[in-house]
Amino acid sequence: MAGLDAIAVGQVARDLVLLVDELPDPSRTTPVRRRRELLGGKGANQAVGLAQLGVRVGLLGVVGEDEVGDRLLGQARSDGIDVAPVLRRPDTPSALIVDVVDARARWRYLEDIPEATLLTEADVADAEGVLQAAQAVVVQLQQPLPAVLAAARCARTADRLVVLDGAPDDPAGGAELLALADVLRADAREAGLIVGDPPVDAAAGLRAGRELLARGPTLVAVEVAGEGNAFVWPDGELFVPLSKTPVVDSTGAGDAFVAALTAGLLRGEAYPVVARYAVAAAGATVGHPGGRPALSAAAIEAQLARIPAR
Ligand SMILES: Nc1ncnc2c1ncn2[C@@H]1O[C@H](COP(=O)(O)OP(=O)(O)O)[C@@H](O)[C@H]1O
Ligand SMILES: [Mg+2]
């Protein structure tokens, strides 16, 4: 499988998204206002976003040999994702994530992610050829750290672009992973795990970004919750506020962000352009329930117009 632009390494799950007005108290019932059943999990979401942005993308993850696994792979294929690297594991159900969102956009995830649906170091070693043939390798921390490290090392050895979503809280492995990453994107909580506290404003976000940059990556994006995202690179920085758009469910906005960041970098765009593009992609994802991105040129343009100038 020569010549993919990117490989997303990570979770593949059945996503069941339930919109309710309010969560019921114990021993009470509430109707579901809207239900969506989607191909989900961070790896799959990022692959979907990349495919929607015209990137030739493959997915390395694990599903069971069950009907759900068949459906997930079918959906991924029709999304234009190369699923040849996806592993089918016998004797395990595929992963399930239930995302219950209330009318105030507060989500709660119920996750059934069997151990056997996680990638192992050996799985990654078997996929070495695929990883090294792609231009970019995107990893997240919803997989065991040894597997994530193996994927990052493998990509780095072949001089591929290593994009990391999430910051490891394991001090030893974390340091190595940050050193291997070209691009680090962290939400506020994840950034806080490394630099001490989640950043509370733009200045703190840029400071956190600088601190993370010193640990290895050449581009860092840090979320400042409720405000925007701080981007830092060796000779520049930019704070991009959130787009003005109503939030229904923020799930998957980080995945869309990472997909757009990666797509922009693969196109060789300048960091300030890529930064705004990533925030626009996140903005294009918060308006619908569930983590599956719906990225199109028009959706991103519309969001770009809604990002306030600072
Ligand atoms: N209105 C908005 N416009 C643009 N970006 C947004 C908006 N609301 C949230 N975001 C961004 O979405 C991202 C959500 O990230 P994260 O919590 O990691 O999502 P997930 O892990 O579910 O994909 C953050 O970077 C946040 O700044
Ligand atoms: Mg995230």
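As the structure lists them, so they are numbered: ligands from 1, and atoms in each ligand from 1.
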- prompt: Would you call Gly252 a ligand 1 contact, heavy-atom distance under 4.0 Å?
  reply: yes
query: Near Gly283, which atoms of ligand 1 are under 4.0 Å from a heavy atom of that residue?
result: 3 (N), 4 (C), 5 (N)
- prompt: With backbone taken as N, CA, C and O and side chain as the heavy atoms from C-beta onward, which portion of Asn229 lies under 4.0 Å from ligand 1: side chain, backbone, both, or neither?
  reply: side chain
message: Checking a contact table here: which protein heavy atom is nearest atom 12 (O) of ligand 1, and how many Å away?
response: Ala253 CB, 3.2 Å
task: Run the numbers for me: atoms of ligand 1, each under 4.0 Å from some heavy atom of Val279, listed by number.
output: 4 (C), 5 (N)
field: Protein residue, atom and distance nearest to atom 24 (C) of ligand 1, heavy-atom basis
entry: Arg185 NH2, 3.4 Å
- request: Enumerate the atoms of ligand 1 whose separation from the nearest heavy atom of Asp255 is less than 4.0 angstrom.
  value: 23 (O)
field: Identity and separation of the nearest protein heavy atom to atom 26 (C) of ligand 1
entry: Glu223 OE2, 3.6 Å
message: Any heavy atom of Lys42 closer to ligand 1 than 4.0 angstrom?
response: yes
query: Does Arg88 pair with Asp70 as a salt bridge, N-O distance under 4.0 Å?
result: yes
query: Among protein heavy atoms, which lies nearest atom 5 (N) of ligand 1, and at what distance?
result: Ala282 CB, 3.4 Å
message: Can you name the atoms of ligand 1, numbered from 1 with element, that are less than 4.0 Å from a heavy atom of Ser243?
response: 1 (N), 2 (C), 3 (N), 4 (C)
- prompt: Please state which protein non-hydrogen atom is closest to atom 10 (N) of ligand 1 and give its distance, to 0.1 Å?
  reply: Leu242 CD2, 3.8 Å
field: Asp5 side chain to Gln135 side chain, donor-acceptor N/O pair below 3.5 angstrom
entry: no
- line: Note: heavy atom closest to atom 9 (C) of ligand 1, options Val224, Thr245, Ile307, Val286, belongs to Val286
task: Return the residue, atom name and 0.1 Å-rounded distance of the protein heavy atom closest to atom 17 (O) of ligand 1.
output: Asp187 OD2, 4.0 Å
message: So if I count the atoms of ligand 1 from 1 in the order they appear, which ones are less than 4.0 Å from some heavy atom of Thr251?
response: 22 (O)
query: Say you draw a straight line from CZ of Phe231 to CZ of Arg185; how long is it, rounded to the nearest 0.5 Å?
result: 9.0 Å
Protein contact to atom 19 (O) of ligand 1 [nearest heavy atom, distance to 0.1 Å]: Gly254 N, 3.1 Å
statement: In this structure, CZ of Arg56 is separated from CG of Asp82 (nearest 0.5 Å) by 10.0 Å
